[in-house]
Student: 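Here you go, one structure.
Lettering follows sequence order; numbering is per chain, from 1.
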Amino acid sequence: MEYNFIEIEKKWQKYWSDNKTFKAENLSEKPKYFVLDMFPYPSGAGLHVGHPLGYIASDIYSRYKRLKGFNVLHPMGYDAYGLPAEQYAIQTGQHPAITTEKNIARYREQLDKIGFSFDWDREVRTSDPNYYKWTQWVFIQLFNSWYDKKSDKAAPISQLIETFKSEGNSNIEAATSQIDIFSANDWNSFSEKEQQMILMNYRLTYLADSMVNWCPELGTVLANDEVTDGVSVRGGFPVERKSMKQWSLRITAYAERLFAGLDGLDWTDSIKEIQRNWIGKSEGALVSFKIKGNENPLDVFTTRPDTIFGVSYMAMAPEHELVSQITSSEKKTAVEKYIIESKNRSDRERMADVKRISGEFTGAYAIHPFTGKEIEIWIADYVLAGYGTGAVMAVPAHDSRDYAFANHFKIPFVEVISGGDISVEAYEAKDGIVINSDFINGMKVKDAMKTIINKFVESGIGERRINYRLRDAIFSRQRYWGEPFPIYYKDGIPYPLPESELPLELPEVDKYLPTESGEPPLARAKNWETKEGYPLECNTMPGFAGSSAYYYRYMDSKNPNELVSKEANQYWENVDLYIGGAEHATGHLIYSRFWNKFLFDLGLVCKEEPYKKLINQGMIQGRSNFVYRVKDSNKFVSFNLKKDFETTSMHVDVNIVDNDELNIEEFKKWRPDLADAEFILEDGKYICGVEVEKMSKSLHNVVNPDILVERYGADTLRLYEMFLGPLEQAKPWDTNGIEGVFRFIKKLWRLYHDKENNFLISDEEPNRKELKALHKTIKKIQEDIDRFSFNTSVSTFMICVNELTDLKCNKRSILQDLAIIISPYAPHISEELWSLLGNKGSVGFAKFPEFIPSYLEEENISYPVSFNGKMRFKLELPAEMQVPQIEKAVMEFEDIDKWLEGKQPKKIIVVHKKIINIVL
RNA sequence: GCGGAUGUGGCGUAAUUGGUAGCCGCGCUAGACUUAGGAUCUAGUGUCGAGAGACGUGGGGGUUCGAGUCCCUUCAUCCGUACCA
């Protein structure tokens with residue numbers, strides 16, 4: 001064997017681990033760089049080739065940054081709490097901690113084989129008490145804080161209490177669900193319980209009855225980002241709306257800062273756009289309509305105050321609290337029936353037929369604030385209780401939903417913005433002239449909005465308002481395998497544990513199921529109470545709790561006294577480069593931005609945003625292979641012959657297919673029923689069909705990195721993962737191509753060795769060609785890494801090695817630099833070559849060679865000569881020849897007559913050192 | 001519906017600022033060495049055409065001396081989102 005990757009890779013992995021080569025120091029003269037991967041949930045299935053893609057990219061970047069003189073923090077850990085381990089525990093009784101431990105061990109083994117330069121001394125696990133102590137600690141800080149809109153930041157709740165004592169709440173501007181105003185006297189006369197209930201409306205994490213996504217199958221509530229299309233993201237179980245008392249995070253307090261902060265981030269536009277949509281900022285006005293014969297006003301939020309004269313009816317959500325008050329007696333039965341109906345329609349059904357229009361007239365009327373006209377008030381389930389005020393002023397002429405509703409129920413309406421044809425559809429554009437609208441007639445939409453809002457304010461019926469779609473995040477889960485809340489109850493009022501009692505460790509339970517009375521699993525724990533005997537909270541925290549500030553723990557992972565020390569945080573600041581999947585766009589990436597801003601407000605960390613630059617690696621798709629069974633037989637027909645038969649296709653394990661040719665012997669062994677299968681072959685082969693699908697066990701297209709490492713080595717796997725295509729693009733995995741990269745690695749090795757595989761290097765001075773090959777590579781690799789284009793660097797290395805092989809170059813001064821620049825990509829072989837070259841220590845801390853432009857300069861330029869833009873021939877001319885001489889030279893060129901076709905050129909365009917174009 | 005992304009050989013892709021379209025691989029074809037090859041090496045490989053050459057970056061149009069790249073328009077695929085007033 002010429003290049004023994006098995007031995008060499010093992011050797012260097014051991015060296016790195018024994019010497020703690022990649023241990024990062026918190027204090028260093030070097031500039032810092034923090035490269036973070038989204039830490040994995042260690043699932044039982046282990047890693048497939050898609051998982052390490054991002055880790056390889058971040059590892060290349062980390063190693064490159066070290067070569068460039070940076071002190072690099074590149075840690076790894078585990079998002080160890082999660083549903084699969086708990087579901088497994090429910091089925092088997094095995095403690096989720098054991099399952100998790102086992103899965104982590106397997107992940108670690110797989111990761112180690114790929115040769116990552118992680119600083120494992122800083123490993124974190126979210127389920128480790130030393131870690132979740134700080135998750136609980138942050139929760140307590142949230143509990144003890146409120147959001148002061150005047151200073152636009154979080155502030156201690158103790159300070160709020162002082163204000164209440166001295167002046168009540170009338171001067172407080174907070175992000176709050178508190179509506180009632182009270183004086184200092186009121187406050188001081190309230191009971192402890194009353195005071196605590198009021199404070200709950202201010203705390204940044206609060207316990208409240210809210211409409212939640214309840215998933216009966218999982219026995220828990222889920223956050224909005226954990227639900228898609230009415231089913232749970234994990235498991236795909238149905239989810240229903242239900243009102244429950246739950247902990248929530250008042251993330252809405254930060255809506256504007258989360259929105260505005262996106263502008264300064266070096267993230268892709270697409271992910272910023274997803275976050276903007278999720279936050280859903282819309283500007284408009286809050287308008288108060290009087291209700292005929294009722295004291296309470298009907299408040300609506302609208303983004304189109306300019307269309308106020310086009311209001312033809314009002315619509316409220318069926319859940320709106322005023323519905324029962326205003327419904328007339330003769331409409332009562334119908335309205336109640338409608339409310340029950342819409343309640344029973346699950347979210348899923350509602351989504352399935354959006355087109356179904358339904359509603360009911362309440363018999364009540366609102367009064368138009370300007371015209372005084374009476375307007376029918378309807379209830380309709382197209383109005384969402386959770387958005388705005390849960391009621392809308394309907395302007396059918398200029399809103400398509402109102403338009404559909406009005407037409408369905410034959411409610412008349414008027415056009416108030418010109419420019420559309422409202423006999424056909426609603427005209428929604430904010431473009432046109434206002435008509436039929438009294439004092440704003442003739443105005444442009446924009447001006448009309450301003451005028452109307454000013455009028456609202458003047459007459460006290462409305463105000464400017466910015467509304468957000470973002471909801472507070474439900475933070476309770478009725479599950480076992482998660483962080484316990486550091487909360488106990490006294491007289492039914494929640495209080496935080498003293499910080500000295502953290503961590504509050506997850507207790508043992510006899511079963512991982514809810515109690516008979518429907519309480520969460522922690523209610524099964526013995527003595528689940530404080531030492532004073534107060535009961536502890538039985539819910540646990542959700543998956544995103546432990547991942548919201550984990551990057552700070554990496555900075556100072558062993559610190560028992562602080563989340564992160566001031567010094568460590570001052571040095572590492574925040575994450576310079578974050579690589580992970582785009583599926584976290586609305587979950588983790590928003591929550592951790594929120595936690596970070598909160599910690600920043602408290603002065604605990606020095607940066608307001610956690611992740612400066614974010615890259616989303618594309619999904620690696622599976623490449624499925626198919627065999628075709630002839631109907632009613634155990635005969636399989638090869639792909640190109642199947643058209644002559646009636647067949648059914650069947651997924652076949654891609655690991656027994658090579659280059660789409662089925663390994664028939666392996667296939668027969670694959671499943672017992674296939675042992676006596678027969679085959680109809682083409683050219684003596686069975687050719688399989690191919691399709692690109694998701695990589696999944698059930699589709700038999702999962703490729704395991706371990707097998708590839710065994711067969712080709714980690715360096716080959718790393719290079720091939722990068723070679724597949726641009727990091728951010730989704731692309732199918734096709735093991736076939738890996739051979740090419742494997743050949744390249746062997747070819748690289750041979751540059752440094754003679755035919756008998758003896759290390760052989762010459763100390764001769766390199767020639768121009770060799771220097772050019774090297775320096776053009778140095779230049780390209782730097783540029784590629786700077787723009788995260790790792791696939792193109794791999795081809796660049798191939799070109800370089802091909803050229804040096806052709807030049808028969810074995811000169812130290814070339815090959816030593818080559819070993820350095822390739823080391824981020826293929827670290828094992830580089831270490832070996834580096835040490836064979838006689839260097840001490842790891843190549844990981846060598847100096848990246850400097851690019852010298854003069855080596856790329858040429859005496860002659862080979863100009864492509866085009867006629868009307870079509871390249872016809874090449875002309876070699878001295879590089880310093882100036883444009884007029886070039887024009888002359890090209891016209892004197894012997895072959896030119898053939899292309900001129902006897903014409904005189906209209907124009908000759910010369911781009912110096914680039915191209916010549918002759919216009920005929 | 002809305003938002004985002006992507007369309008280039010048989011396949012994965014390259015062309016960073018408008019300047020030789022198809023780099024680097026896979027696969028395929030032929031050959032060398034070999035008992036053998038899933039080893040190694042050499043040559044070829046966008047399409048049509050015997051050739052000269054013509055045509056070619058999803059389709060149509062435009063700007064330009066010159067367009068894969070810029071503009072308009074249209075189609076297809078994938079992802080996200082869902083009555084957000």
Student: Under a 4.0 Å threshold between the charged nitrogen and the carboxylate oxygen, would A:Asp269 count as salt-bridged to A:Arg276?
Tutor: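 No, this pair does not count.
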Student: Which one is paired to B:U45, where only Watson-Crick or G-U wobble pairs with both distances under 3.5 angstrom count?
Tutor: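 Partner of B:U45: B:G27.
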Student: Rounded to whole Å, please give me the gap between CD in A:Gln621 and P in B:G12.
Tutor: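 Result: 10 Å.
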Student: What integer number of Å spans the C1' atoms of B:U45 and B:C11?
Tutor: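 Approximately 14 Å lies between the C1' atom of B:U45 and that of B:C11.
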Student: What is the separation between atom CZ on A:Phe639 and atom P on B:C11, rounded to the nearest whole Å?
Tutor: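 In whole Å, B:C11 P lies 13 Å from A:Phe639 CZ.
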Student: Roughly how many Å apart are B:G61 and B:G51, using the P atom of each and rounding to a whole number?
Tutor: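 Going atom to atom, P in each nucleotide, I get 30 Å.
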Student: Need one value for A:Val392: base, sugar-phosphate or nothing, where a base atom within 4.0 Å counts as base even if backbone is also close, heavy atoms only.
Tutor: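 Base contact - A:Val392 has a heavy atom under 4.0 Å of at least one base atom.
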Student: How is A:Asn659 classified with respect to the nucleic acid when contacts are heavy atoms under 4.0 Å: base, sugar-phosphate, or nothing?
Tutor: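 A:Asn659: backbone/sugar contact only, no base atoms under 4.0 Å.
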Student: From the set B:A82, B:U20, B:A15, return the single nucleotide nearest to any side-chain atom of A:Arg787.
Tutor: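 Taking heavy atoms from C-beta onward, the closest nucleotide is B:A15.
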Student: From the set B:G3, B:G56, B:C24, return the single nucleotide nearest to any side-chain atom of A:Ile799.
Tutor: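 Ranking B:G3, B:G56, B:C24 by closest atom to the A:Ile799 side chain puts B:C24 first.
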Student: Take atom P in B:U20 and the same atom in B:C2, then report the distance between them in whole Å.
Tutor: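 Result for the P pair: 38 Å, nearest Å.
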Student: Between B:G12, B:U20, B:A82, spot the one nearest the side chain of A:Lys731, thanks.
Tutor: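 Given the options B:G12, B:U20, B:A82, the side chain of A:Lys731 is closest to B:G12.
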Student: Is there a donor N/O on one and an acceptor N/O on the other, under 3.5 Å, for the side chain of A:Lys874 and the base of B:U20?
Tutor: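 Checked by distance alone, the answer is yes.
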Student: Is any side-chain heavy atom of A:Leu719 closer than 4.5 Å to a side-chain heavy atom of A:Phe723?
Tutor: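 No, too far: nothing below the 4.5 Å cut-off.
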Student: Quick check for you: among B:G4, B:A85, B:U40, whose closest atom lies nearest to any side-chain atom of A:Val383?
Tutor: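 The answer is B:A85, which lies nearest to the side chain.
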Student: Can you tell me the distance, in whole Å, between the CD atom of A:Gln617 and the P atom of B:A5?
Tutor: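 My rounded result for the distance is 19 Å.
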Student: For A:Lys747 and A:Asn802, test the side chains for any donor-to-acceptor distance below 3.5 angstrom and give the result as yes or no.
Tutor: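 Note: A:Lys747 and A:Asn802 side chains meet the donor-acceptor criterion.
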Student: Can you tell me if A:Ser866 touches the phosphate of B:C65, counting only side-chain N or O atoms and a distance under 4.0 Å to OP1 or OP2?
Tutor: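 Indeed not, no polar side-chain atom of A:Ser866 lies that close.
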Student: Within the 3.5 Å criterion, strictly below it, is a donor on A:Tyr387 or A:Ser282 matched to an acceptor on the partner's side chain?
Tutor: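 Side-chain D/A pair, A:Tyr387 to A:Ser282: present.
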Student: Under a plain distance cut-off of 3.5 Å, with no hydrogens placed, do A:Thr252 and A:Tyr468 share a side-chain donor-acceptor pair?
Tutor: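 Note: A:Tyr468 and A:Thr252 side chains miss the donor-acceptor criterion.
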Student: Could you check whether A:Asn791 gets within reach of a base, just the sugar-phosphate, or nothing at all, counting any heavy atom under 4.0 Å?
Tutor: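 The answer is sugar-phosphate, as A:Asn791 gets under 4.0 Å only of primed atoms, P, OP1 or OP2.
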Student: Does A:Arg276 make a side-chain N or O approach to OP1 or OP2 of B:G4 shorter than 4.0 Å?
Tutor: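 For B:G4, OP1/OP2 do not have a side-chain N/O of A:Arg276 under 4.0 Å.
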Student: Hey, does A:Glu273 reach any base, or is it just sugar-phosphate, or nothing, if we go heavy atoms under 4.0 Å?
Tutor: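 Contact class for A:Glu273: sugar-phosphate only.
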Student: For B:G51, what is the paired nucleotide under Watson-Crick or G-U wobble rules, both distances under 3.5 Å?
Tutor: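 Across all strands, not a single nucleotide pairs with B:G51.
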Student: For the pair made of CG in A:Asn736 and P in B:G38, what is the distance, rounded to whole Å?
Tutor: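 To the nearest whole Å, that distance equals 14 Å.
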Student: Using atom C1' of each nucleotide, how far apart are B:G22 and B:U74 to the nearest Å?
Tutor: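 Here B:G22 and B:U74 have their C1' atoms 26 Å from each other.
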Student: For B:C83 versus B:A67, give the span between their C1' atoms, rounded off to a whole number of Å.
Tutor: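 Going atom to atom, C1' in each nucleotide, I get 43 Å.
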Student: Is A:Arg469 close enough to B:C2 that one of its side-chain N or O atoms is under 4.0 Å from OP1 or OP2 there?
Tutor: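 Answer is no, no contact under 4.0 Å.
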Student: Does some side-chain heavy atom of A:Phe851 sit less than 4.5 Å from a side-chain heavy atom of A:Leu856?
Tutor: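 A side-chain contact under 4.5 Å exists here.
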Student: Suppose you measure atom P in B:G31 against the same atom in B:G37; what distance do you get, rounded to whole Å?
Tutor: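 Taking atom P in both B:G31 and B:G37, they lie 13 Å apart.
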Student: Should A:Arg743 be listed as having a side-chain N or O under 4.0 Å from OP1 or OP2 of B:C26?
Tutor: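 Answer yes for this pair, as a side-chain N or O of A:Arg743 is under 4.0 Å from OP1 or OP2.
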Student: Distance check needed: B:U20 P versus A:Met871 CE, whole Å only.
Tutor: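 From A:Met871 CE to B:U20 P: 9 Å.
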Student: Could you state the atom-to-atom distance from CZ of A:Phe742 to C1' of B:C24 in whole Å?
Tutor: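 Rounding to the nearest Å, CZ of A:Phe742 and C1' of B:C24 are 19 Å apart.
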Student: For B:G19 versus B:U69, give the span between their C1' atoms, rounded off to a whole number of Å.
Tutor: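 After rounding to an integer number of Å, I get 11 Å for this pair.
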Student: In the strands shown, is B:C83 matched to any nucleotide by a Watson-Crick or G-U wobble pair with both distances under 3.5 Å, and which?
Tutor: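 Looking at the geometry, B:C83 pairs with no nucleotide.
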Student: When you check the glycosidic angle of B:G27, does it come out syn, meaning within 90° of 0, or anti?
Tutor: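 Because its glycosidic torsion lies more than 90° from 0, B:G27 adopts the anti conformation.
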Student: In whole angstrom, what separates A:Leu724's CG from B:C11's C1'?
Tutor: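 Result: 12 Å.
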Student: Once you apply the 3.5 Å cut-off to both distances, tell me the Watson-Crick or G-U wobble partner of B:G66, or none.
Tutor: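 Here B:G66 is not engaged in any pair, so there is no nucleotide opposite it.
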Student: Figure out the CZ/P separation between A:Phe723 and B:C24, and round it to whole Å.
Tutor: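 One finds 10 Å between P of B:C24 and CZ of A:Phe723, rounded.
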Student: Using a cut-off of 4.0 Å on non-hydrogen atoms, how would the nucleic acid contact of A:Lys281 be classed: base, sugar-phosphate, or nothing?
Tutor: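 No contact.
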Student: Taking B:U8 as the reference, what is the distance to B:G60 when you measure between their P atoms (whole Å, please)?
Tutor: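 These two P atoms come out 16 Å apart once rounded.
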Student: Quick check on B:C41: is either OP1 or OP2 less than 4.0 Å from any side-chain nitrogen or oxygen of A:Arg750?
Tutor: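 Looking at the OP1 and OP2 atoms of B:C41, one of them is under 4.0 Å from a side-chain N or O of A:Arg750.
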Student: Would you say A:Trp267 and A:Asn616 are linked by a side-chain donor-acceptor pair, where the criterion is simply a distance under 3.5 Å?
Tutor: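 On atom types as modelled, these side chains do not qualify, holding no pair under 3.5 Å.
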Student: Does any non-hydrogen side-chain atom of A:Leu614 lie less than 4.5 Å from one of A:Leu265?
Tutor: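 The answer is no; the side chains never approach within 4.5 Å.
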Student: Classify A:Asn917 by what it touches in the nucleic acid, base, sugar-phosphate, or nothing, heavy-atom distance under 4.0 Å.
Tutor: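 It contacts base atoms.
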